[in-house]
Amino acid sequence: MNDRLIIFDTTLRDGEQSPGASMTKDEKLRIAKALEKMRVDIIEAGFPVASEGDFEAVKAVAELITDSTVCGLARALDKDIDRAAEALKSARSSRIHTFLATSPIHMREKLRMEPDQVVAQAMHSVKRARNYTNNVEFSPEDAGRSEFDFLCRVIEAVIDAGATTINIPDTVGYNLPQFFGDLVGRLIDNIPNADKAVFSVHCHNDLGLAVGNSLAAVLHGARQVECTINGLGERAGNAALEEVVMAVRTRRDIFSCDTTLDTTQIMHCSRLVSTITGFPVQPNKAIVGANAFAHEAGIHQDGVLKSRKTYEIMRAEDVGCNANRMILGKHSGRNAFRTRLEDLGIKFDNEADLNATFARFKALADKKHEIFDDDLQALVSDAIQEGADEWIKFISLKANIETGKAPKAEITFFIDGVKKQASAEGSGPVDATFKAIESLVKSGCNLQLYSVNNITTGTDSQGEVTVRVDKNGRIVNGLGADTDIVTASAKAYINALNKVFSERERAHPQV
Ligand code: KIV
Ligand code: ZN
């Protein structure tokens, strides 16, 4: 390997900006731990000034993570930078990432600032951040539509002010690989102090080119890529980490750099992010889709049987794909359970939590004989959600269906600690369940999405239900898993309602 390519993961920040992908602090901690285990270099944990919840999450990630650098985002404003520094205080290694728009349209229409003011404010912010840490990243937002000479001027100034990483964002996903690569190469060649900083890229996927643009920039000298698991992110998303990393690794003949990632953790991280956000991975998604390593055509199968290299450019096991390996069953003990969860990056704070989750595992193993890693992930997600301080807590559900009769559901739950019961009829058992819940909660939410996926295969598989609701423009996802999909649906709907009515108001970094 000639050179190191730094992987900067922004699943917890830009990824969380996907409508409906908001995560709780505990969920962020689980993802951060998995990213650390995968040896991601930098974890952008959030935007601390956005809300108390964001601040607390970044602080908690900073306290937990020891092997990756933890980064907080800040607009080029004193209060943002101070807040980010405060959240990152206890990190073993921290970075402040500050940004200011440099494109004519953003400066004129959004910032209402003159170019000279932008240069001065960018320099001031980088200097302020340097008072807290010597690891400061600056992003000229909308660099992909900025004027080249002005971009050079801003970047030279912020490097002089102390920025150690310069990130070139294609904020609106407007660029094409050949031109974007060329832009990064020209910046590196033309800025006199370019050798004093690492050049990075942050590409959005509006034209489906985020990975292509990122890789083109790497070929022209970028040595950090900002990306997210499963390509999660604002609008059409960011460059998918797994695609960038595997492209560079698979085409070592072309790239003169590589990452130090443990790629065998990729599949686990992908599943975890998908489970937590409720954003399913499309089956034909590169690297992590269910079909990514499946050969259907007879001629392909024949070739693979003779030599895997005929149709495989990567090995499934290199990305941690060993399809639903059975690991535990109803005779497995507490120790085996704990060890397997630890392998998956899940640790319990105390024995009581472990015991409670083990009891759930036993109940599941009674219903379903083979327990796979994906079952365990869903089980732990469910346990964490139900353990949280929730407004509504699911207790039990009775649903009746009989051909020719109206389906009926009767649900029992706690609202604000008070036990309630409600029943309703509907066009099916799920519809009846949601109506029963609404008859008491009267949330005023609009249901935007209801989807069921089986976590593993077979009719005894757990169903994982995702519910997306919208209340006054605030979109949240709810998740629930159970071998009974009506129960999973009730849990998912309740989970969404708990999120809608949590006090978590966020500011958006680009506003
Ligand atoms: O897309 C963007 O420009 C960003 C910046 C904050 C880097 O997310
Ligand atoms: Zn972005």
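For the single chain, residues carry numbers from 1 onward in sequence order. Excluded from the calculations below are hydrogen atoms, water molecules and symmetry mates; all remaining heavy atoms, backbone and side chain alike, are included. Order of appearance sets the numbers: ligands from 1, and atoms from 1 within every ligand. Bear in mind that the values here come from a model prediction, so they are computed numbers and not experimental data.
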Region of Glu226 engaging ligand 1 - heavy atom pairs below 4.0 Å: neither

Asp14: numbered ligand 1 atoms lying under 4.0 Å from its heavy atoms: 8 (O)

Contacting atoms of ligand 1, where contact means under 4.0 angstrom from a heavy atom of His204: 1 (O)

Gap separating the CG atom of Asp41 from the OG1 atom of Thr259, nearest 0.5 angstrom: 7.5 Å

Nitrogen or oxygen atoms of Asn167 and ligand 1 under 3.5 Å apart: no

Thr171 N/O under 3.5 Å from ligand 1 N/O: yes

Sequence neighbours excluded - salt bridge (Lys or Arg N to Asp or Glu O under 4.0 Å) pairs with any residue from residues 184-205: Asp182-Arg186

Metal-centred angle, NE2 of His204 through the Zn ion (ligand 2) to NE2 of His202, rounded to 10 degrees: 100°

Heavy-atom nearest neighbour of atom 6 (C) of ligand 1 within options Glu141, Arg13, His202: Arg13

Partners passing side-chain contact (heavy atoms from CB on, under 4.5 Å) against Arg251 (at least two apart in sequence or in another chain): Asp253, Ile254, Phe255

Working for side chain to side chain contact (heavy atoms under 4.5 Å, CB included), residues Asp142 and Thr102: CA-CA 6 Å; Asp142 204 16; Thr102 50; 5.7 Å; no

Asp14: its N/O/S atom lying closest to the Zn ion (ligand 2) (atom name): OD2

Heavy atom of Glu234, distance to ligand 1 below 4.0 Å: no

Within 6.0 angstrom of Gln178 CD, more than 12 heavy atoms from elsewhere: no

Test side chain to side chain contact (heavy atoms under 4.5 Å, CB included) applied to Ile155 and Ile168, step by step: CA-CA 10 Å; Ile155 294 173; Ile168 308 299; 3.8 Å; yes

Closest contact, heavy atoms only, Ser90 versus Glu63: OG-CG, 3.1 Å

